[in-house]
Amino acid sequence: MPNTSSRNTNAPAIAEAARRGPLASPAEVAVYLGVPVKTLYQWKYRGIGPNVHKVGRHLPYRWSEVDAWVNSQSAYRLAV
């Protein structure tokens with residue numbers, strides 16, 4: 001019998017997004033990606049990393065753009 005529960009299966013992802021907020025510091029993104037902050041700055045310079053925005057002297061990232069960048073980095077395109 002199919003599961004007809006009204007429970008949201010995306011609840012953990014939604015909770016994580018709410019906890020993170022819309023913007024992230026380079027340090028937060030570096031921890032999330034498992035790379036040093038210096039690597040993020042190199043990627044920014046080379047134009048190969050997640051999109052970053054300059055706000056004054058700060059460089060915040062949008063979590064939605066970081067997630068989209070991570071998804072685009074998949075080496076394998078699996079057929080579903």
Side-chain angles (χ1 to χ4, degrees):
M1 178 168 242
N3 184 0
T4 59
S5 171
S6 63
R7 206 170 122 201
N8 187 350
T9 58
N10 278 341
I14 293 169
E16 176 67 17
R19 184 187 64 75
R20 292 191 309 192
L23 298 177
S25 69
E28 291 172 320
V29 173
V31 168
Y32 178 70
L33 296 177
V35 299
V37 173
K38 186 174 181 180
T39 299
L40 288 178
Y41 292 139
Q42 290 173 352
W43 288 349
K44 178 190 176 304
Y45 177 77
R46 294 178 184 170
I48 61 172
N51 197 19
V52 63
H53 305 277
K54 187 166 184 178
V55 178
R57 63 184 190 136
H58 302 282
L59 296 171
Y61 291 83
R62 287 189 177 122
W63 280 116
S64 59
E65 292 176 349
V66 173
D67 290 335
W69 180 81
V70 168
N71 291 337
S72 74
Q73 298 305 302
S74 175
Y76 303 101
R77 301 287 183 222
L78 301 176
V80 179

Side-chain heavy-atom pair [X], [Y] within 4.5 angstrom cut-off:
X	Y	answer
S25	Y61	no
K38	Q42	yes
H58	H53	no

> When V52 is tested against each of L59, L40, V29 for side chain to side chain contact (heavy atoms under 4.5 Å, CB included), which residue passes?
Replying inline: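 For V52, the side chain to side chain contact (heavy atoms under 4.5 Å, CB included) test succeeds with only one of L59, L40, V29, which is L59.
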
> Does V66 share a hydrophobic cluster with V35, counting links as ILVMFWY side-chain heavy atoms below 4.5 Å and allowing steps through other members?
Replying inline: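 Yes, one cluster joins them.
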
> What's the shortest heavy-atom distance between V37 and A27, and which atoms?
Replying inline: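 Minimum heavy-atom contact is CG2-CA, 3.9 Å.
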
> If you take all heavy atoms of P36 and A30, which pair is closest and at what distance?
Replying inline: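 In this case the closest contact between P36 and A30 is C-CB, 4.1 Å.
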
>> So does V70 get a backbone contact from the side chain of Q73, meaning a donor-acceptor N/O pair under 3.5 Å?
In response: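 Checking the backbone N and O of V70 against the side chain of Q73, no donor-acceptor pair under 3.5 Å is found.
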
>> Using a 3.5 Å distance criterion without hydrogens, assess whether the side chain of W69 forms a donor-acceptor pair with backbone atoms of I48.
In response: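 Pair found, side chain donor or acceptor close to backbone of I48.
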
> Should L23 and R62 be marked as a side-chain contact (heavy atoms from CB on, under 4.5 Å) after you check the CA-CA gap, both sets of side-chain angles, and the distance that decides it?
Replying inline: CA-CA 5 Å; L23 298 177; R62 287 189 177 122; 3.7 Å; yes

